[in-house]
Amino acid sequence: MANQSSRYPILCASFNQDNSGFAISTKDGFKIIDSNTGRLCYDRAVGAFIIVEMLYSSSLLAIVGAGEQPSLSPRRLCLFNTTTGAPLREMTFLTSILAVRLNRKRLVVVLQEKTYIYDSNSLSMLDTIDTVPNLKGLCAFSPSLEGCFLALPASTAKGAVLVYNVMELQLHCEIDAHRSPLAAIALSSNGKYIATASEQGTIIRVHLVSKATKSYSFRRGTCPSTIFSLSFAPSLQLPDILVATSSSGSVHIFSLGFETNQRTKMSGSFLGSILPYSVNDALDPAHHHVLHNAVSAGVRRAIISLIAYNGYFQEYTFTLNSQNESTWSLEREFNLVAVISGNAETS
């Protein structure tokens, strides 16, 4: 997720495919940080970048410069090896690159009106998708090879989303999700669900990708708000959880069909979400917590990781007991900009 404002030290932030690590960029360079320990894994001070995407925890990065110097053009994609500290391949496009997504088989490059699909290993171009004007580079990608989908806006007038099968290189479906244009899209890691929010920001809808049918509709609030991010919990574990962050400063959790009498703990799971400001006291569960479709089935826990554009990483534990009562607890917080080699200092 790229920051459109220069008021904050973080220019972009992104979690890797399994949320075990994340990348941030500042005006000076980029850093790779371990989500579990806060340890700085890699640091390169060579200028500003607007895109830094990881391939799991491998040495491969996909990076795009912010254009503040000729060598860091926003039209140039660099596949970078952190082990050697050298580029593996550079690819230049006619217009600015707005988003990059990748897994072990596919590389996706999103421009304003075109999206390119490449083979991740040979970098041969497999397909080109002509899209409606996509000024923000909205897209979603499920990295699982068994359910590898790409979602893109299908209209500038309404909240329609195009779902493309990246492995089979064919259109899977088109979903009319909202009356207003899209503001956020997310796919679960296994490609089972797609979540969408419109520019109104009051309703979040979840569709089953295989059948293109609406499965859930959640109300975030009654007043319009900008949805900054949507993130699914790791889909190999039940229950499936969706987290939304918004300009209201709140974080909302929605549950997708808890199984009755299913006892599940997610103490080792991370949900990657990006929030423009520090949440501070906005996570008061009595004020902002939203959770639907839950049934009594013992205690459930989730660990939620937040990156704020003001430069802070925050990790919360969310707990839901058998009486459907929830609590939030701040476990860790540290300044990402000040992270140095070794473990980050926590506050």
A side-chain contact here means heavy atoms from C-beta on lying under 4.5 Å apart; do [X] and [Y] qualify?
X	Y	answer
Ile24	Val337	no
Phe80	Arg44	yes
Leu208	Tyr193	yes
Gln112	Leu135	yes
Cys139	Val108	no
Leu162	Thr131	no
Leu102	Leu60	yes
Arg75	Leu94	no

Would a distance-only check, ignoring hydrogens and angles, find a side-chain to backbone donor-acceptor pair under 3.5 Å from [X] to [Y]?
X	Y	result
Arg101	Phe141	no
His207	Ala177	no
Thr115	Ile129	no
Ser180	Ser198	no
Arg220	Cys223	yes
Ser25	Cys12	no
Gln17	Ser189	no

Pairwise distance [atom1]([X]) to [atom2]([Y]) - rounded to 0.5 angstrom:
X	Y	atom1	atom2	result
Leu336	Asn310	CG	CG	9.0 Å
Glu315	Asn36	CD	CG	8.0 Å
Phe30	Ile63	CZ	CD1	4.5 Å
Lys158	Glu199	NZ	CD	15.0 Å
Leu55	Asn16	CG	CG	9.0 Å
Leu187	Ile194	CG	CD1	4.5 Å

Please confirm whether the ring centroid of Phe318 lies under 6.0 Å from the ring centroid of Tyr316.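 Not under 6.0 Å, so no.
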Quick test of your reading: applying side-chain hydrogen bond (donor to acceptor under 3.5 Å, both in side chains), list the pairs with at least one residue in residues 141-157, sequence neighbours left out, ordered by first then second residue. Ser144-Glu146
Is there any side-chain hydrogen bond (donor to acceptor under 3.5 Å, both in side chains) pair reaching into residues 79-98, and which pairs are they, with sequence neighbours excluded?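 Not a single pair qualifies under side-chain hydrogen bond (donor to acceptor under 3.5 Å, both in side chains).
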Yes or no on side-chain contact (heavy atoms from CB on, under 4.5 Å) for Leu11 and Phe49, after CA distance, side-chain angles and deciding distance? CA-CA 7 Å; Leu11 299 180; Phe49 290 82; over 6 Å; no
Give me the atom names and distance for the closest heavy-atom approach of [X] to [Y].
X	Y	result
Asn121	Arg104	ND2-O, 3.6 Å
Val161	Ala151	CG2-CB, 3.8 Å
Phe254	Ala244	CE1-CB, 4.2 Å
Leu111	Leu98	C-CD1, 3.9 Å
Ala62	Leu79	CB-CD2, 3.9 Å

side-chain hydrogen bond (donor to acceptor under 3.5 Å, both in side chains) for Ser305 and Ser35? Distances and angles first, verdict last. CA-CA 8 Å; Ser305 299; Ser35 297; 5.7 Å; no
Can you confirm whether the side chains of Ser246 and His252 place a donor and an acceptor under 3.5 Å from each other?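 Their side chains do not contain a donor-acceptor pair, so the 3.5 Å distance test is not met.
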Any luck finding a side-chain donor-acceptor pair between Ser229 and Thr245 under 3.5 Å? yes
Applying ring pair (Phe, Tyr, Trp, His ring centres under 6.0 Å), name anything that partners Tyr56, two or more places apart in sequence or on another chain.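 Partners of Tyr56 by the ring pair (Phe, Tyr, Trp, His ring centres under 6.0 Å) criterion come out as none, since no residue qualifies.
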The criterion is ring pair (Phe, Tyr, Trp, His ring centres under 6.0 Å); which residues satisfy it with His172, sequence neighbours excluded?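 With sequence neighbours excluded, His172 shows a ring pair (Phe, Tyr, Trp, His ring centres under 6.0 Å) to Phe149, given in chain and number order.
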Does the side-chain contact (heavy atoms from CB on, under 4.5 Å) test come out yes or no for Met54 and Ile32, once each step is laid out? CA-CA 9 Å; Met54 303 171 64; Ile32 306 299; 3.5 Å; yes
For Tyr164, side chain to side chain donor-acceptor pair (under 3.5 Å) partners two or more places apart: Asp127
Start with the C-alpha distance between Ile203 and Phe218, add both sets of side-chain angles, then the distance that settles side-chain contact (heavy atoms from CB on, under 4.5 Å), and finish with yes or no. CA-CA 6 Å; Ile203 300 293; Phe218 302 118; over 6 Å; no
side-chain contact (heavy atoms from CB on, under 4.5 Å) between Lys114 and Phe93, intermediate numbers included: CA-CA 11 Å; Lys114 286 186 181 294; Phe93 298 84; over 6 Å; no
Indicate yes or no: does Lys105 engage Asp119 in a salt bridge with an N to O separation below 4.0 Å.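 No.
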Salt bridge (Lys or Arg N to Asp or Glu O under 4.0 Å) with Asp43: which residues, sequence neighbours excluded? none
